[in-house]
**Q** 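Here's a structure for you.
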Amino acid sequence: MTFVDSHCHLNFPDFEDSFDSILQNAVEHDVEHALTIATTWENRERVLALARAHGGLSASTGVHPCTTEGHEPSVDELVASADDALVVAIGETGLDYFRHEGELEATLPERASGVLAWQHERFHRHIEAARRTSLPLVIHTRAAADDTMDTLRDHGAHEAGGVMHCFAEDWRIAEQALEIGFYLSFSGIVTFKSAGAIQEVARRAPLDRILIETDAPYLAPVPHRGKRNEPAYVSHTGAFIAELRGMPLEALADATTENFFTLFSRADRNRRLAGAA
């Protein structure tokens, strides 16, 4: 039985003093691989350096929709940054209206027209880069699900494919994502008592289209809720979803692992996380 953490941020300062122990704990919890995600143009190099230094880590390239400082890469720059074989995805990218409420209020009631134009333009560039490289997109959406889905459809994101990371929407949005060939990735949020709609999606989604993730250092699942998250805890999320679906944990773990390597086809399954000697 093996797990993959399909989305984490191991380059964040939260892990600087305990990186080796974090990887060791992941191995002890049967985590064989993790995808560590770039959020700025500047930190993508650190993300890639981690993947080069540690078997079992892959990297993405891109700029988070909420990033407001640093370099704004062109499509050509995004494509060039994906040349390295350890870069397996474009993103995370998408739309986040939650963290820019003031800017939204200034544009209401025409919410979807001209809202956060810079975020939309960035999103469009990432989709085009994914289409050019044939690498899947890692999608972040918060308080912007309808606009996110419209953008993915309108800009041909189905040609690249991808995953709705940290899925926190209802079945209506899940169906739309599945219809364009995207996967759904569930974080520790699915284990929260208040997450009934997300749990419904985790029960109903096709087994061959779901992933599990930590989004570490954020969103630790029960029983670690409120603590710093880490890749080892993806096993708790997997166990919760297996129980929801009434299936053996081993089958859920193996399916989500297989799904990860199907979607992120550039990821090398032979590079596995290694514990301490």
**Q** May I ask whether V138 and L184 are part of the same hydrophobic cluster, defined by side-chain heavy atoms of I, L, V, M, F, W, Y residues being less than 4.5 angstrom apart, directly or through others?
**A** no

**Q** Could you walk me through whether Y183 and D208 pass the side-chain hydrogen bond (donor to acceptor under 3.5 Å, both in side chains) test, one step at a time?
**A** CA-CA 9 Å; Y183 289 66; D208 64 354; over 6 Å; no

**Q** Spell out, as yes or no, whether a donor-acceptor pair under 3.5 Å connects the side chain of R271 to the backbone of S58.
**A** no

**Q** Check F264, F260, F3 against H33 for a ring pair (Phe, Tyr, Trp, His ring centres under 6.0 Å) and give me the one that passes.
**A** F260

**Q** Do W171 and L178 come close enough that some side-chain heavy atom pair is under 4.5 Å?
**A**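 Yes; the side chains approach each other to less than 4.5 Å.
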
**Q** Between CG of L23 and CG of L273, what distance do you get to the nearest 0.5 Å?
**A** 6.0 Å

**Q** Which heavy atom in A242 sits nearest to a heavy atom in L252, and how many Å separate them?
**A**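 What the structure gives for the nearest pair is CB-CB, 3.9 Å.
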
**Q** Should W118 and I139 be regarded as members of a common hydrophobic cluster, given that ILVMFWY residues are connected when their side-chain heavy atoms come within less than 4.5 Å of each other, either directly or indirectly?
**A** yes

**Q** Check whether any side-chain heavy atom of F240 sits under 4.5 Å from a side-chain heavy atom of V222, and report yes or no.
**A**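 Counting from C-beta outward, F240 and V222 never come under 4.5 Å.
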
**Q** Test side-chain hydrogen bond (donor to acceptor under 3.5 Å, both in side chains) on S6 and S185 and set out the steps.
**A** CA-CA 8 Å; S6 69; S185 182; 3.1 Å; yes

**Q** Checking side-chain hydrogen bond (donor to acceptor under 3.5 Å, both in side chains) against H140, which of T39, T93, D96 comes through?
**A**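 It is D96; the other options fail the test.
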
**Q** Same cluster or not: L57 versus I22, using hydrophobic residues (I, L, V, M, F, W, Y) connected whenever any side-chain heavy atoms lie under 4.5 Å apart?
**A**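 Yes, because L57 and I22 connect within a single hydrophobic cluster, where side-chain heavy atoms sit under 4.5 Å apart.
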
**Q** Just by modelled atom types, is the C66 backbone N or O under 3.5 Å from a matching donor or acceptor in the H64 side chain?
**A**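 At least one qualifying donor-acceptor pair exists.
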
**Q** Taking salt bridge (charged side-chain N to carboxylate O under 4.0 Å, His left out) as the definition, give me every residue that meets it alongside R203, ordered by chain and number, with sequence neighbours left out.
**A** none

**Q** Should S18 and R228 count as side-chain neighbours, where that means a heavy-atom distance under 4.5 Å?
**A**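 Side chain of S18 against side chain of R228, heavy atoms only: contact under 4.5 Å found.
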
**Q** Is there any side chain to side chain donor-acceptor pair (under 3.5 Å) pair reaching into residues 186-198, and which pairs are they, with sequence neighbours excluded?
**A**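 Listed once each, the pairs would be none.
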
**Q** Once rounded to the nearest 0.5 Å, what's the spacing between atom CG of D5 and atom CG of N229?
**A**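 So the gap between those two atoms works out to 8.0 Å.
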
**Q** Spell out, yes or no, whether V190 and Y233 are grouped together once hydrophobic residues are joined by side-chain heavy atoms under 4.5 Å, including indirect joins.
**A**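 Unlinked, V190 and Y233 end up in two clusters.
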
**Q** With the side chain counted from C-beta on, respond yes when H120 and H124 share a heavy-atom pair under 4.5 Å apart, and no when they do not.
**A** yes

**Q** Check whether any side-chain heavy atom of I189 sits under 4.5 Å from a side-chain heavy atom of T237, and report yes or no.
**A** no

**Q** Would the distance check show the side chain of H29 and the main-chain N or O of N25 forming a donor-acceptor pair, the cut-off being under 3.5 Å?
**A** yes

**Q** Pick one: which of Q176, E179, H158 meets side-chain hydrogen bond (donor to acceptor under 3.5 Å, both in side chains) with R153?
**A**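 Option passing the side-chain hydrogen bond (donor to acceptor under 3.5 Å, both in side chains) with R153: Q176.
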
**Q** Side-chain heavy atoms under 4.5 Å apart, restricted to Ile/Leu/Val/Met/Phe/Trp/Tyr: what other residues fall into the cluster of L78, or is it alone?
**A**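 Its cluster partners, ordered by chain and number, are W41, V63.
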
**Q** Just so I know, are the side chains of L86 and R52 near enough to count as touching, which here means a heavy-atom distance under 4.5 Å?
**A**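 L86 reaches R52 side chain to side chain.
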
**Q** Which pairs count as side chain to side chain donor-acceptor pair (under 3.5 Å) when at least one residue sits in residues 239-263, sequence neighbours excluded?
**A** E258-R269

**Q** Taking all non-hydrogen atoms of both residues, which atom of S81 and which atom of R44 are closest, and how far apart?
**A** CB-NE, 3.8 Å

**Q** Does E230 reach the side chain of L10, with side-chain heavy atoms less than 4.5 Å apart?
**A** no

**Q** Could you check whether any side-chain N or O of R142 sits under 3.5 Å from a backbone N or O of L95, counting only pairs where one atom can act as donor and the other as acceptor?
**A**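 Such a contact is absent between R142 side chain and L95 backbone.
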
**Q** With a 3.5 Å distance limit and no angle check, can you tell me whether R225 reaches the backbone of F192 through a side-chain donor-acceptor pair?
**A**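 Answer holds: no.
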
**Q** Give the minimum heavy-atom separation between M1 and A253, together with the two atoms involved.
**A**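 Shortest heavy-atom separation between M1 and A253 comes out as CG-CB, 3.5 Å.
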
**Q** With rounding to the nearest 0.5 angstrom, report the OG1 to CD distance, T148 to Q119.
**A** 8.5 Å

**Q** Between atom CZ of F15 and atom CG of D20, what is the distance when rounded to the nearest 0.5 Å?
**A** 13.5 Å

**Q** Going hydrophobic residue to hydrophobic residue with side-chain gaps under 4.5 angstrom, can you get from M149 over to V201?
**A**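 Cluster IDs for M149 and V201 match.
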
**Q** Could you go through the side-chain contact (heavy atoms from CB on, under 4.5 Å) check for L152 and F182 one step at a time?
**A** CA-CA 10 Å; L152 290 172; F182 273 59; 4.2 Å; yes

**Q** Could you report the tightest heavy-atom contact between I37 and V47, atom names first, then the distance?
**A** O-CG2, 3.8 Å

**Q** Specify the closest pair of heavy atoms between V27 and A274, including all atoms of both residues, with the distance to one decimal.
**A** CG2-C, 3.7 Å

**Q** Quick one, E77 with H71, criterion side-chain hydrogen bond (donor to acceptor under 3.5 Å, both in side chains). Give me CA distance, side-chain angles, the key distance, then yes/no.
**A** CA-CA 11 Å; E77 287 174 316; H71 180 64; 2.9 Å; yes

**Q** Kindly say whether G91 contributes a backbone atom to a donor-acceptor pair with the side chain of S60 at under 3.5 angstrom?
**A** yes

**Q** With a 4.5 Å limit on heavy-atom distance, are the side chains of D146 and R172 in contact?
**A** yes

**Q** Could you pull out all donor-acceptor pairs under 3.5 Å where a side-chain atom in residues 159-166 meets a protein atom, sequence neighbours excluded?
**A**
| from | atom 1 | to | atom 2 | distance (Å) |
| --- | --- | --- | --- | --- |
| E159 | OE1 | R131 | NE | 3.0 |
| E159 | OE1 | R131 | NH2 | 3.2 |
| E159 | OE2 | R131 | NH2 | 3.3 |
| H165 | ND1 | H7 | ND1 | 3.4 |
| H165 | ND1 | E213 | OE1 | 3.3 |
| H165 | ND1 | E213 | OE2 | 2.8 |
| H165 | NE2 | E92 | OE1 | 3.2 |

**Q** Tell me if the aromatic rings of H155 and F123 count as close, with their centers under 6.0 Å from one another.
**A**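 No; F123 has its ring centre 6.0 Å or more from that of H155.
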
**Q** Parallel, tilted or perpendicular for F12 and Y218, by the 30°/60° rule?
**A** perpendicular

**Q** For the residue pair V31 and P231, what are the closest heavy atoms and their distance?
**A**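 Shortest heavy-atom separation between V31 and P231 comes out as CG2-O, 3.6 Å.
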
**Q** When Ile, Leu, Val, Met, Phe, Trp and Tyr are grouped by side-chain heavy atoms lying under 4.5 Å apart, directly or through other members, which residues fall in the same group as V79?
**A**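 Once heavy-atom contacts under 4.5 Å are chained together, V79 belongs with V75.
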
